[in-house]
Number of protein chains: 2
Amino acid sequence: MVTTLKPQLGANPERARSHNKQLVLRAIRHVGTAGRAEIARASGLSTQAVSNIISDLLSEGLLVEQGVRSAGRGLPVQQYAIKPDGGYAFGVEVRPTAVFTALVDLVGTPLFTHRTPLGDARKATILDTVSAQLDDALAKTQVSKEALMGAGIVMPGPFGETGLTGADSELPGWNTGDPAESFASRLDLPVFVENDANAAAMAERMNGIARGLDDFAYLYFGQGLGLGLVQNGQAVQGAFGNAGEIGHITVIVQGRPVELESATSRLSVQAYLAGQGVTVTNMDDLTSLYSSENRHLFAWLDQAAQALSSALSIIENLFDPQTVILGGAMPDDLLDHIIARTALPERSVSNRPDRTHPRLMRGTSGRMTATLGAAALVLHQAFTPTIAEAR
Amino acid sequence: MVTTLKPQLGANPERARSHNKQLVLRAIRHVGTAGRAEIARASGLSTQAVSNIISDLLSEGLLVEQGVRSAGRGLPVQQYAIKPDGGYAFGVEVRPTAVFTALVDLVGTPLFTHRTPLGDARKATILDTVSAQLDDALAKTQVSKEALMGAGIVMPGPFGETGLTGADSELPGWNTGDPAESFASRLDLPVFVENDANAAAMAERMNGIARGLDDFAYLYFGQGLGLGLVQNGQAVQGAFGNAGEIGHITVIVQGRPVELESATSRLSVQAYLAGQGVTVTNMDDLTSLYSSENRHLFAWLDQAAQALSSALSIIENLFDPQTVILGGAMPDDLLDHIIARTALPERSVSNRPDRTHPRLMRGTSGRMTATLGAAALVLHQAFTPTIAEAR
DNA sequence: GCGTTAACTCAACTTTCTTGAGTGTTCAAG
DNA sequence: CTTGAACACTCAAGAAAGTTGAGTTAACGC
């Protein structure tokens, strides 16, 4: 039972500078625009140090001057903001039948999104497709490869051979070798791999409803149901990268134990409605069923809300998050409906009077959520000081 | 909905050095004894830098020379080890009826442990008791206050007013104001507050069965049942410090939903046996019941194992830990029995062929587990590089 | 108007790390 | 047995990045 120490790096001038640069970028990003003195106070560095770092970042093209603000006495503040075209991130979501790609700029604005159907789901096919899509994205947006900071890849978990393997939506050929490695060498970029729920959570944290939150959970409606976890500003991956597989835990619905995923997921609603003779194939079908107040859909929503209430109790009591966000491949209307119907457990550490956020919130939904989340992984990394992380 | 950025510090020479010192200590601690070159390789620093740092640590009394080892070619390695009396940590566990204290040295060896009954559980009484115990511990062990690196405090959660407040084992008067603050100013020491489960987990990681593990869970039998979570080498506290309240989630036992804590906890076994006309008041009673193969106890153990199996499924699928450890106020025999009887869920991300650790292991049990865990919090902090953490 | 306040710059200084040359010890090949 | 390679470590010089303190500039308020 040999346990190796996780490699951590010592601080030297070079790594210290890189750390400080990311710290400054993060501070500016958080408030939008900021002046040197403000950043110095926030970071515990001297104004001089911040000045030097900012002049570096300006010449690297990561920051722009943003005019002067005179607030109170003293010399007016020269303000700085993130330069949108200071860098770009490529986001990829791999599903068994298609690959979704997105190119976003440094502030997270998508410049290009695309869906490419997959002929087959072999590893080589996927790598080829993603690589071609990257070239296409760069060409269409006139972005140079040098300006790309990395690629985020969202793949359906679980990774490796586990007790959940063999189920529904598998990708063959990925269980051997490190997927990140394969993509990194093929795309010649730094690569970050995550599951859909964590990626969606990070997207929400970078540019969505979870901006500034450091501890929250994200329930992601994908094919099944995934749990994204952010603790201390970092996505929780678990020892083998498979944290958040909430779909297979047992919850109580109408007094009977069922798998959470079988009560609340896209497959679940499709199966339920099919059992009632109603066919849905995409999110638009669900939206129109909802607006026509289809009683079968409403019945499903009710039991989904029940299942969710159990899940909420577990998530809240185990993680004590600032909030729980619901999002993914489910129309806004339905998410809102579920949120309204979900009983907030009383016996929960989250049931506290001094809350700043609702216990349950709706996040971004839609087909591209996870793909944009993949890109957000790259941005997150660019704005997170990491002196000790070995690469 | 204002979200403030978590304060993070920039790197300057002083903080870089402190970071590197902790990194060196951690590297040495991990392997027991080590030479300069070995540490340099592990930390990404130059041998020269490591040399300078080690000479610092020697003169601060945190390291000792440990003789020469000639391994293969080259100059024999001058080895260094942690100096046990290089520093001390005070551990405190506060319960409603008693305060437990321990003084441990830098390698974690307890020099002094004590149980002090509490006349009442008012805040002032507790602070007085702890303070007196600290003085006593220092006097009896001849340790100077300057050598104390801090105090770890274990208190029953949940912290603050929550949906679980008002239950069984409360301490009045702690919901207002920061407990850490109160202890820090009273003891004039750096203070770290945790719940019992997380503290026990950190103890196990520092000196127990979880040495070197960075991602694991600890199920702690206290009054109720608590979940300690270590992710990335850090205890997970949640947004409000109340993560790990697993006792109140619903699990299935014999087909019926029950609160986990009512099926598996010290109170649970007492209540169950009382219902069968068997009275137990302490762990020794349980041990003798077990060795006499009491059928009521065995029946309880069986249903506890069932409940645990459900809990295990949740923990594994949500956290994907390296292992789950069982420990706390329950005799070893009983823990071993439960572990042997607990069905390992098949539908779990932890059910994988390439495991290095068993899925369920027994940790340290006994009355002082959490108290020593409290002290371990201080040691953990001393061996963890933290350049960016604001204090 | 004029002093106070505050942001920012400049130049000198400090800390800490890295680099490269040099020393001493051990092992192994000729 | 000699010689050279391998390796740990030290010394001294140099580089990188931070801090400090004095000085400059602009706005506010009395």
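Lettering of chains follows the sequences in order, A, B, ..., and the numbering in each one begins at 1. In this text, all values refer to a predicted model and were calculated from it rather than measured experimentally.
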>> What is the separation between atom CG on A:Leu58 and atom P on C:dT9, rounded to the nearest whole Å?
In response: 10 Å
>> Please report the distance, rounded to the nearest Å, between CD in B:Gln78 and P in C:dT26.
In response: 13 Å
> Could you give the CG-to-P distance, from B:Asp56 to C:dT15, as a whole number of Å?
Replying inline: 12 Å
>> Whole angstroms only, please: what is the CG-C1' distance between A:Asn12 and C:dT15?
In response: 14 Å
> If you look at every strand shown and take non-hydrogen atoms under 4.0 Å, does B:Arg41 touch a base, only sugar-phosphate, or nothing?
Replying inline: sugar-phosphate
> Rounded to the Å, how far apart are B:Asn52 CG and C:dT15 C1'?
Replying inline: 11 Å
> Thinking salt bridges, do B:Glu60 and B:Lys21 make one under a 4.0 Å N-O criterion?
Replying inline: yes
>> Expressed as a whole number of angstroms, how long is the span from A:Arg17:CZ to C:dC17:C1'?
In response: 15 Å
> Heavy atoms, side chains only, cut-off 4.5 Å: are B:Leu23 and B:Arg26 in contact?
Replying inline: yes
>> Are B:His19 and B:Thr386 packed together at the side-chain level, in the sense that at least one heavy-atom pair is separated by less than 4.5 angstrom?
In response: no
> Across the strands shown, which category fits A:Ala37 at heavy-atom distances under 4.0 angstrom: base, sugar-phosphate, nothing?
Replying inline: sugar-phosphate
> Are any side-chain N or O atoms of A:His357 and backbone N or O atoms of A:Ala210, one a donor and one an acceptor, separated by less than 3.5 Å?
Replying inline: no
> Starting at NE2 of A:His19 and ending at C1' of D:dG18, how long is that distance when rounded to a whole Å?
Replying inline: 13 Å
>> Salt bridge or not between B:Asp188 and B:Arg186? Use side-chain N to carboxylate O under 4.0 Å.
In response: no
> Quick one: does B:Asn12's side chain have a donor or acceptor within less than 3.5 Å of a partner on A:Leu45's backbone?
Replying inline: no
> Counting only side-chain N and O atoms of B:Arg15, is one of them less than 4.0 Å from OP1 or OP2 of C:dT16?
Replying inline: no
>> Between B:Ile53 and A:Gly35, which residue's closest nucleotide on DNA chain C lies nearer the 5′ terminus?
In response: A:Gly35
> Does the A:Asn20 side chain pair with the main chain of B:Ala11, one donor and one acceptor, at a distance under 3.5 Å?
Replying inline: yes
>> Please compare B:Ala11 and B:Gln79 by the position of their nearest nucleotide in DNA chain D and report the one closer to 5'.
In response: B:Gln79
>> Is A:Asn20 close enough to D:dG18 that one of its side-chain N or O atoms is under 4.0 Å from OP1 or OP2 there?
In response: yes
> Looking only at side-chain N and O atoms, does A:Ser51 come under 4.0 Å of OP1 or OP2 in C:dC8?
Replying inline: no
>> Of the listed nucleotides (D:dG18, C:dT18, C:dT9), which one gets closest to any side-chain atom of A:Arg36?
In response: C:dT9
> Given atom CZ of A:Arg69 and atom C1' of C:dC8, what is their separation to the nearest angstrom?
Replying inline: 14 Å
Please enumerate all protein N or O atoms sitting under 3.5 Å from an N or O of nucleotides 20-30 of chain D, with distances to 0.1 Å.
unit_1 : atom_1 : unit_2  : atom_2 : d
D:dG29 : O4'    : A:Arg73 : NH2    : 3.0

